[in-house]
Structures are given as structure tokens and as C-alpha cells.
Amino acid sequence: HSSNSSSDKIYVLKATHRTRSTRWYIGRTENVGARLERHLQGRACNYTKRLIDRGYALTLDAVIKTSFDFAEDAVTKMYMRMFGMHSVAG
């Protein structure tokens with residue numbers, strides 16, 4: 001999402017699987033509900049579509065309202081530090 005309006009939100013999706021390690025996806029949108037629905041339908045991005053195809057369940061883990069230009073990058077890097085860079089995409 002390229003615009004940086006005052007209604008932008010950073011959202012964090014948690015992808016869980018019964019036998020595989022947890023994955024995380026960080027995105028930015030004005031409408032979290034609509035964007036989440038697109039992810040759940042496999043129509044938002046290739047990364048979450050592949051997770052769904054592999055049996056992961058996606059849930060909304062966090063929403064952060066922001067107008068900071070680099071907030072998505074900052075949150076992505078924070079999650080990479082907490083969970084490992086191979087477990088996080090954004």
C-alpha cells in the first residue's frame with residue numbers, strides 16, 4: 001500500500017499450522033477488515049496464499065494506526081528480531 005494517509009493501519013497476521021512453525025505477515029491498509037478478507041480468500045498476496053495452500057490458518061494478531069511513512073518496515077523488522085527473519089514477511 002503506497003499512500004500514507006492518517007487512516008492507514010499496520011496489521012499483523014499470524015499464520016499457524018499444527019505441525020509447522022508460526023509465520024507472520026505485516027501489511028499496511030486503510031481498511032483492515034476488507035484486506036483481511038482478501039488474505040483469507042488467497043487474493044491479497046502470494047505469500048499468504050502459499051501459506052493457506054500449505055494448511056496454515058491466518059488470524060489478525062495486531063492493528064496499529066499510524067501515519068509514519070516507515071511504520072510497516074519498522075514493525076516488520078521488530079517481528080524479524082523477535083521471531084527470526086525467515087518467519088516474517090511484509
Side-chain angles (χ1 to χ4, degrees):
H1 189 277
S2 60
S3 72
N4 294 314
S5 76
S6 61
S7 61
D8 273 0
K9 295 168 190 75
I10 304 302
Y11 62 94
V12 179
L13 299 181
K14 183 177 183 179
T16 55
H17 190 282
R18 62 182 185 83
T19 61
R20 297 179 180 168
S21 60
T22 299
R23 302 283 191 237
W24 304 88
Y25 179 82
I26 291 85
R28 184 182 199 123
T29 188
E30 291 181 7
N31 186 332
V32 174
R35 189 66 177 161
L36 176 59
E37 191 60 34
R38 287 181 55 84
H39 279 289
L40 294 174
Q41 294 168 353
R43 298 185 306 122
C45 73
N46 288 332
Y47 181 78
T48 55
K49 181 181 182 336
R50 282 194 312 268
L51 291 175
I52 291 168
D53 290 347
R54 293 176 181 158
Y56 281 83
L58 300 180
T59 55
L60 185 62
D61 191 65
V63 177
I64 306 159
K65 187 174 180 182
T66 185
S67 59
F68 176 56
D69 287 344
F70 303 104
E72 184 178 351
D73 290 339
V75 172
T76 300
K77 288 175 183 174
M78 180 181 73
Y79 271 73
M80 285 178 170
R81 281 192 300 274
M82 291 188 306
F83 300 110
M85 65 183 303
H86 299 293
S87 296
V88 180

Side chains of residues 12-19: which donor-acceptor pairs under 3.5 Å do they make with residues two or more places apart or in other chains?
from	atom 1	to	atom 2	distance (Å)
His17	ND1	Thr19	N	3.0
His17	ND1	Thr19	OG1	3.3
His17	ND1	Arg20	N	3.3
His17	NE2	Arg54	O	3.1

If you measure from [atom1] on [X] to [atom2] on [Y], what distance do you get to the nearest 0.5 Å?
X	Y	atom1	atom2	answer
Glu72	Thr29	CD	OG1	10.0 Å
Glu30	Asp8	CD	CG	5.5 Å
Ile26	Thr76	CD1	OG1	4.5 Å
Leu58	Ile52	CG	CD1	4.5 Å

Are Ile64 and Met80 connected into the same hydrophobic cluster when the rule is that any two of I, L, V, M, F, W, Y join if their side-chain heavy atoms are below 4.5 Å apart?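 Cluster IDs for Met80 and Ile64 match.
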
Assigning hydrophobic clusters by single linkage (Ile, Leu, Val, Met, Phe, Trp, Tyr; side-chain heavy-atom cutoff under 4.5 Å), is Leu51 placed with Leu60?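 Yes, because Leu51 and Leu60 connect within a single hydrophobic cluster, where side-chain heavy atoms sit under 4.5 Å apart.
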
How are the rings of Phe70 and Phe68 set to each other: parallel, tilted or perpendicular (split at 30° and 60°)?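 The arrangement is perpendicular - the two ring planes meet at more than 60°.
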
State whether the number of non-hydrogen atoms from other residues, nucleotides or ligands found under 6.0 Å of Met85 atom CE is greater than 12.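 Not buried by this count: 12 neighbours or fewer within 6.0 Å.
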
Could you check whether atom NZ of Lys77 has more than 12 heavy atoms from other residues, nucleotides or ligands sitting under 6.0 Å from it?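 Result for NZ/Lys77: open.
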
List the residues meeting salt bridge (Lys or Arg N to Asp or Glu O under 4.0 Å) with Lys49, not counting sequence neighbours, and say none if there are none.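 Here the qualifying residues are Asp53.
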
Partner set under side chain to side chain donor-acceptor pair (under 3.5 Å) for Thr22, not counting sequence neighbours: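 Thr22: no side chain to side chain donor-acceptor pair (under 3.5 Å) contacts found.
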
Set of side chain to side chain donor-acceptor pair (under 3.5 Å) partners for Asn46, sequence neighbours left out: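 Expected list: none.
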
Identify each donor-acceptor pair in which a side-chain atom of residues 33-41 lies under 3.5 Å from a protein atom, sequence neighbours left out, and give them as a table.
from	atom 1	to	atom 2	distance (Å)
Arg35	NE	Tyr11	OH	3.3
Arg35	NH2	Ala44	O	3.4
Glu37	OE2	Gln41	NE2	3.2
Arg38	NH2	Arg43	O	2.9
His39	ND1	Thr48	OG1	2.8
His39	NE2	Tyr11	OH	2.8
Gln41	OE1	Arg43	NE	2.7
Gln41	OE1	Arg43	NH2	2.6

Return the set of residues passing side chain to side chain contact (heavy atoms under 4.5 Å, CB included) with Ala89 (not counting sequence neighbours), or none when no residue passes.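 Once residues adjacent in sequence are excluded, the partners of Ala89 under the side chain to side chain contact (heavy atoms under 4.5 Å, CB included) criterion are Tyr25, Tyr47.
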
When you look at Arg28 and Thr66, which way does the side chain to side chain contact (heavy atoms under 4.5 Å, CB included) test go after all the steps? CA-CA 9 Å; Arg28 184 182 199 123; Thr66 185; 3.8 Å; yes

